[in-house]
Amino acid sequence: MSRTPLDTVEHAAETPDVELPWAELGLKKDEYERVVEILGRRPTGAELAMYSVMWSEHCSYKSSKVHLRQFGEKAPQSDALLVGIGENAGVVDVGQGYAVTFKVESHNHPSYVEPYQGAATGVGGIVRDIIAMGARPVAVVDPLRFGAADHPDTKRVLPGVVAGIGGYGNCLGLPNIGGEVVFDACYQGNPLVNAGAIGVMRHEDIHLAKASGAGNKVILYGARTGGDGIGGASILASETFDDAKPSKRPAVQVGDPFQEKLLIECTLEAFAEKLVVGIQDLGAAGLSCATSELASNGSGGMRVTLDDVPLRDSTLSPEEILMSESQERMCAVVEPGKVDRFLEICDKWDVIATVIGEVTDGDRLEIFWHGGKIVDVDPRTVAHDGPVYERPYARPDWQDALQADDANKLPRPQTGQELKDQVLRLVSSPNQASKKWITSQYDHFVQGNTVLAQPEDSGMIRIDEESGLGVAIATDGNGRYAKLDPYAGAQLALSEAYRNVATTGAKPLAVSDCLNFGSPEDPAVMWQFAEAIRGLADACQQLGTPVTGGNVSLYNQTGEAAIHPTPVVAVLGVIDDVARRTPVAFQEEGQLLYLLGDTREEFGGSAWSQVVHDHLGGLPPKVDLERERLLAEILISASRDGMIDSAHDLSDGGLIQAVVESALLGGKGARLIVPDGLDAFTLLFSESAGRAVVAVPRSEELRFNDMCGARGLPVTRIGVVDGDTVELQGEFELTLEELRRAHEDTIPALLA
Amino acid sequence: MARVVVDVMLKPEILDPQGQAVQRALPRLGFEGISDVRQGKRFELEVDGPVDEAVLARIHDLAESFLANTVIEDFTVKVESEEAVAGAAK
Amino acid sequence: MARVVVDVMLKPEILDPQGQAVQRALPRLGFEGISDVRQGKRFELEVDGPVDEAVLARIHDLAESFLANTVIEDFTVKVESEEAVAGAAK
Amino acid sequence: MTARIGVVTFPGSLDDRDTQRAIRLAGAEPVALWHKDKNLHQVDAVVLCGGFSYGDYLRAGAIARFSPVMEPLIEQAKAGLPVLGICNGFQILTEAHLLPGAMLGNDHLHFICRDQKLRVENADTAWTTDYAAGQEIHIPLKNMDGRYVADERTLDELEAEGRVAFRYLDVNPNGSLRDIAGITNAAGNVVGLMPHPEHAVEPLIGSGRTDGLPFFTSILKKLVNA
Ligand SMILES: Nc1ncnc2c1ncn2[C@@H]1O[C@H](COP(=O)(O)OP(=O)(O)O)[C@@H](O)[C@H]1O
Ligand SMILES: [Mg+2]
C-alpha cells in the first residue's frame with residue numbers, strides 16, 4: 001500500500017480491504033479482529049498504532065489483569081488509602097493534612113541493552129508518575145538484580161545501571177534512600193532494574209489523570225517529540241508496508257534529567273496556582289497513552305491536532321508521533337482562562353509548552369493531521385478495553401523435587417574454626433557484602449530531610465519541619481525463596497519490607513510492588529505469577545496494608561530459562577516524630593542485645609546454603625504474619641518510648657549478618673552467647689522470619705522485657721555491645737577490622 | 001607511533017541534551033546563526049608501531065564493541081598523524 | 001549550511017582518568033599495542049550561511065570563552081563539510 | 001536587624017531550599033534570587049548553592065556563569081560583597097574567574113556521596129570566622145566534578161597566601177590537587193568549597209552533625225557587626 005493519500009478515517013472506510021501489518025505491530029489475529037469490530041471498519045494506520053501499543057502486554061496487563069484483581073478484591077479496609085490502584089500511583093494519608101504517593105516500576109530490558117540510559121530513564125519515568133499525582137517527589141529507591149557478580153557482563157551492566165540511576169536521580173535533586181542489590185546467575189541476560197519514588201503533597205493537592213470540562217485545553221509540555229522508542233510504528237511509517245527495511249528508529253531513549261527537573265518545578269508551580277484540571281505523564285506509549293487515558297477517565301471526548309506537537313525530527317509520521325516514547329514530557333488539561341498563565345510558568349522555566357487540543361462534548365477521541373481526521377475512536381476501547389487473557393498455568397513438575405532437596409540436611413560446620421570461616425565467607429559474599437561502593441554514588445542528603453538512608457533498614461524522610469512527621473520506605477524481594485514457594489516467597493518479601501519499616505520505628509501503612517517474572521506463555525511461570533499474587537494479596541489483607549499500585553514485568557527470560565520469580569515489595573510507613581527513629585548502628589558499649597522472635601532450623605533458600613553449598617532447595621522460612629504484626633508493634637512502641645537505641649531486622653544471612661552490620665556501622669563490637677535451646681550454627685545462620693535484634697540500654701531492660709512478656713513476643717538475651725571484636729563465646733572471635741575488610745572490599749574488588 | 005582518532009557521536013535521531021544545552025546558551029553569549037549543536041566524544045589512541053589495515057580493523061572492532069554503544073551512537077575511525085599513514089604504507 | 005567541528009582535549013599535563021580507564025580496559029578486551037588514550041569532546045556546529053574568515057574567528061572566540069575552559073583544555077576549530085569550504089570560498 | 005543573604009536559583013539548582021533553611025537556622029534572612037535577575041535586590045551576601053545548573057552540561061557551572069544575575073554578582077564580588085559558592089556554586093565561581101583554577105571530573109569517574117572530614121585552614125574569611133584555624137570538621141560531600149586543578153604557580157600562590165581555606169583529611173575523595181576542598185580570593189570575601197555545609201546544620205538530618213552551621217553564623221556576625 002502506498003502512503004499517499006493520507007490514511008484518514010474516511011479513507012479507511014473507503015478501502016476496507018487494505019491489509020495492515022497488525023502482526024508486525026505485535027497484535028494477534030483475534031485482537032486485530034476485535035479492533036475492526038470495535039470500529040466497525042478497518043483502523044487507520046494511526047489507530048492501529050494506538051491500539052497496538054495500548055494493547056501490548058506492557059500497557060494493557062493482558063496476561064496479569066485477571067490475577068491483579070485480587071489486590072482490589074482482598075484489599076483490607078484502610079482509612080489511609082486516598083487513591084488506590086489504577087491511577088498513576090496510589091496516595092496514602094499520613095496525617096497532619098499530608099498525603100504521600102509512591103510506586104515502584106521496572107525498566108529491566110532497556111537497562112540490559114543500554115545500562116546507563118535504560119536505568120536513567122527508568123528513574124525519570126517513575127518520578128513523572130509521582131509528579132502527575134500532584135506531589136513533590138522527595139526520594140527514590142532502586143531495587144536491582146544482576147547476573148553472577150563475577151560474570152564479565154555484570155561488569156558492563158552494573159556500573160552503567162548504577163551510574164544511570166545516580167546520574168538521573170542526583171541531577172533531579174532526589175535523595176536515594178534505599179533499594180537492593182542482588183546477584184544471581186538467573187538474572188544473567190535479564191537484569192532487574194526496578195525504581196521507586198515517593199512524593200508528598202497536601203490532601204487538597206491530589207491531581208488525577210482525567211480530562212473534563214468541554215472547551216478545556218490540552219497542553220503538551222516538556223521535551224520535543226523525537227523518534228525514540230518507537231519500534232513497530234516505523235513499519236507503518238515506511239513507504240510501503242511490505243518493504244522490510246530495518247527500522248531506523250531506536251528502541252532506547254536518552255534521558256535529560258535537567259529537562260525533567262524543570263518539568264518538576266514548573267508543574268508544581270502550576271499546581272500551586274491551581275491551574276491544572278487533569279494531568280498525565282507521558283511514559284510507555286507516549287501520546288497514545290496520555291490522550292486515550294485522559295479522555296477515557298474524563299467526562300467528555302478530546303480533539304487533538306497532531307501538527308501542533310513540537311518535534312525534534314520533522315520527518316516523523318503521525319503514527320510515530322503517537323507512539324514515540326520521548327522522555328520528559330507531560331500533558332495537562334487547563335481551563336481556557338488559565339492557559340496564558342500556564343504557558344507563562346512554562347516559559348519562566350524554559351519549558352516548551354503547546355496547546356495541542358481540547359476537551360469536547362462528545363465521547364470520541366479525534367486526532368487530526370494535515371487537516372485530515374486520522375483517529376476517531378472511543379478512548380475507553382483503547383485505554384481500558386484491551387484483551388484479557390486467562391493464560392493456562394500449572395505447578396511445574398520440578399517443584400516437588402526442588403522442595404524435597406532439603407537444605408536442612410546440608411553438612412553443617414562442626415567446630416568454632418569452621419563457624420568462623422563460614423561467617424567470613426558469608427559476610428564477604430557478593431550478596432551479603434556492603435553495597436557502599438554502589439550507594440555512595442547516590443546523593444542521600446539533597447533536600448535536607450533525610451533522616452535515614454542506606455544501609456539502614458528503611459529510608460526515612462522528614463516531611464514536616466515543625467512536627468517532625470516523617471515517612472519510611474523499604475523494598476524487599478527474595479527470588480530464591482519465591483522459587484522454592486512463590487506463594488510464601490511473596491509473603492516473605494512483604495514480611496521483610498514491613499519488618500524493615502517497623503524496625504526503624506515507623507508504622508507500615510501501604511504497599512507497592514514490582515512483579516518480575518519470566519514468560520507468561522509458560523504455564524509454570526504463570527503458576528509462579530498467580531501464586532505470588534495470591535500470596536501477596538492474602539498477606540496484605542491480613543497485615544492491613546493495601547496494595548496501592550505497582551508494576552508487572554514479564555518475559556524476563558532468555559530462551560527456556562526464566563529468572564527466579566521475583567516479586568519486589570515496597571512498604572511505606574509513617575512516623576509521628578523522626579526524632580524517635582531507630583538506627584541500625586550500635587550506639588553504646590554495655591547495651592544488652594536481645595533477639596526478638598523464634599529461631600528455627602530454617603535453611604531453605606538461605607544465604608548460608610548459597611554461599612557455603614551453592615545450593616537451592618527445600619522450603620523457605622515459615623510465614624507468620626501475626627508474628628510480624630506483633631513484632632512491628634513492639635519495635636514501634638519501643639522506639640516511641642525510648643526503650644531501644646538500635647535495632648536491625650534479621651533476613652538473609654540471619655543473625656550473624658545483622659550483628660556484623662550493626663557492629664561495623666557503630667564501630668562497636670559484640671559479645672554473643674548461645675542461648676539455651678539453640679545451637680551455635682542455627683543461632684548464627686537460620687533465616688526464620690519475624691525476628692529482629694535490638695540493643696537495650698540497661699536502664700530500660702526491665703521495662704522492655706515486661707512489654708515483650710505482656711504481649712507474648714519471645715525475647716532472648718543473646719549478648720552485649722562490647723569491645724572491638726564480634727565474639728561468639730567459646731566458639732570464635734573476629735576483629736572489626738577483619739570483618740570490615742571482608743564486608744567492604746568485595747564489591748569494589750569485583751567492579752571498581 | 002601513530003595517532004588514531006575515534007569520534008563517537010549520538011545518532012542523529014537520538015536526543016542530545018548536552019548539545020541542546022550548548023545551543024540554547026549561544027544567543028545569551030551574543031552568538032546567532034548556529035542552527036544545531038551536537039556534542040560527542042573524541043578518543044585519541046596512540047598506537048605503537050605501524051597502523052596498517054589490520055590494526056585499523058581491530059580499532060574499528062574496539063570502537064564498535066566498547067568505545068561506542070551502537071544502539072545509540074555512531075562512530076568514525078581516522079588515522080590522524082601524517083607520519084602514521086606513511087608508516088602504515090611502508 | 002556548513003559544519004564546523006570544535007575538538008576540545010584536556011591539556012597534556014592534566015590527568016585524564018577517563019582516557020586511562022579506557023586504556024586499562026584494553027588488555028581485558030584482548031587489545032595490545034595502544035600506549036595511551038585520551039578522551040575529549042567533539043562539538044559539531046551547524047552554521048547557517050557561508051563559513052568565512054569572520055565566522056571562523058567568532059567560532060574561535062566561542063571555543064575559547066565557552067566551549068573550552070582554557071585553564072585546563074586546548075581546542076581546535078575545523079571546517080568539516082567540503083561543500084561548506086567551497087561555499088565559503090565563493 | 002538581621003542580614004539578608006541571597007540564594008541564587010539557576011535552572012537545575014538543587015540545594016537552594018536547603019541553603020535557605022540553613023541561613024534561617026543561623027538567624028539570618030534568606031532572599032531567593034533568580035538567575036534572570038539583573039540586580040541583587042540589595043542583599044548583604046550571596047550563596048551560590050549546589051546542584052546541576054543547566055544539567056552541568058558542557059562543564060559544571062559553564063553555562064550558569066553567563067546568566068544575567070552573574071553580571072552584577074561578579075561586579076559586586078570584586079567590590080567586596082561576600083559570596084559563598086558551594087559545590088556547583090564553587091564550580092560557577094571558577095568558571096567566572098572569581099576564584100582561580102578549574103574543576104574536573106572525579107579521578108575515580110563516579111559520583112561520590114560521603115560524610116567528608118576536612119581541616120579548616122583559614123578561619124579569617126568572611127564565611128569562616130566561627131571556626132578555629134586547624135579545626136577538623138565533617139561536612140557531607142556529593143559531586144561528580146569535584147577535582148580541583150590549577151597550575152603549579154597558582155597552587156603555590158594559594159598556599160603562600162593562605163588562600164587554601166579547606167583541605168580534605170583522611171581521604172581525598174576526587175583527586176583534587178594538594179587535597180584542596182575549598183579556597184578563598186585574596187580579599188577573603190569570596191569562598192568556594194565542594195562539600196555542603198548546608199547539609200550539616202541539624203542534628204537529626206543528613207550526616208547528623210552540625211559542623212556546617214558556622215559558615216552561616218560567621219557571615220551573619222560579620223554583617224550585623226559591620
Ligand atoms: N541499589 C540500592 N540503592 C539504594 N540502597 C540500597 C541499594 N541496595 C541496597 N541498598 C541499601 O543497603 C541496605 C542493605 O540492603 P539489604 O541487605 O537488601 O537490606 P535488608 O536486608 O534490610 O532489606 C539497605 O539500607 C538498602 O536500602
Ligand atoms: Mg533489613
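From a predicted model like this one, the values you see are computed outputs, not experimental measurements. Every chain is numbered from 1 and lettered A, B, ... according to where its sequence line falls, protein lines coming before strand lines.
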Colleague: For atom CD of C:Glu53, decide whether the heavy atoms of other residues, nucleotides or ligands shown that lie under 6.0 angstrom number more than 12.
Modeller: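 Open: at most 12 neighbouring heavy atoms sit under 6.0 Å from CD of C:Glu53.
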Colleague: Roughly how far, to the nearest 0.5 Å, is the NZ atom of C:Lys41 from the CD atom of B:Gln39?
Modeller: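 Separation between the atoms: 6.0 Å.
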Colleague: Select one option (side chain, backbone, both, neither) describing which atoms of B:Leu45 are under 4.5 Å from chain C's heavy atoms.
Modeller: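 Backbone plus side chain of B:Leu45, per the 4.5 Å heavy-atom cut-off to chain C.
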Colleague: So which residue, C:Ser65, C:Gly49, C:Gly33, ends up with the most heavy-atom pairs under 4.5 Å with chain B?
Modeller: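 Maximum pair count with chain B is reached by C:Gly33.
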Colleague: Considering only heavy atoms, which portion of C:Ile59 lies under 4.5 Å from any heavy atom of chain B: side chain, backbone, both, or neither?
Modeller: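 It is both, since atoms from each part get that close.
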Colleague: Between CZ of C:Phe43 and CZ of B:Arg42, what distance do you get to the nearest 0.5 Å?
Modeller: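 These two atoms lie 12.5 Å from each other.
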Colleague: Quick one: are C:Leu62 and B:Leu26 in side-chain contact, heavy atoms under 4.5 Å?
Modeller: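 Sidechains of B:Leu26 and C:Leu62: in contact.
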Colleague: Within 45° of the six-membered ring axis of B:Phe31 and under 6.0 Å from that ring's centre, is NZ or CZ of C:Arg58 located there?
Modeller: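 Yes, cation above the ring, under 6.0 Å and within 45°.
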Colleague: With only heavy atoms counted, which part of C:Glu32 is less than 4.5 Å from chain B, the side chain, the backbone, both or neither?
Modeller: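 It is the backbone, since no side chain atom gets that close.
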Colleague: Which atoms form the tightest heavy-atom contact between C:Ile34 and B:Asp48, and what is the distance?
Modeller: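 What the structure gives for the nearest pair is N-OD2, 4.3 Å.
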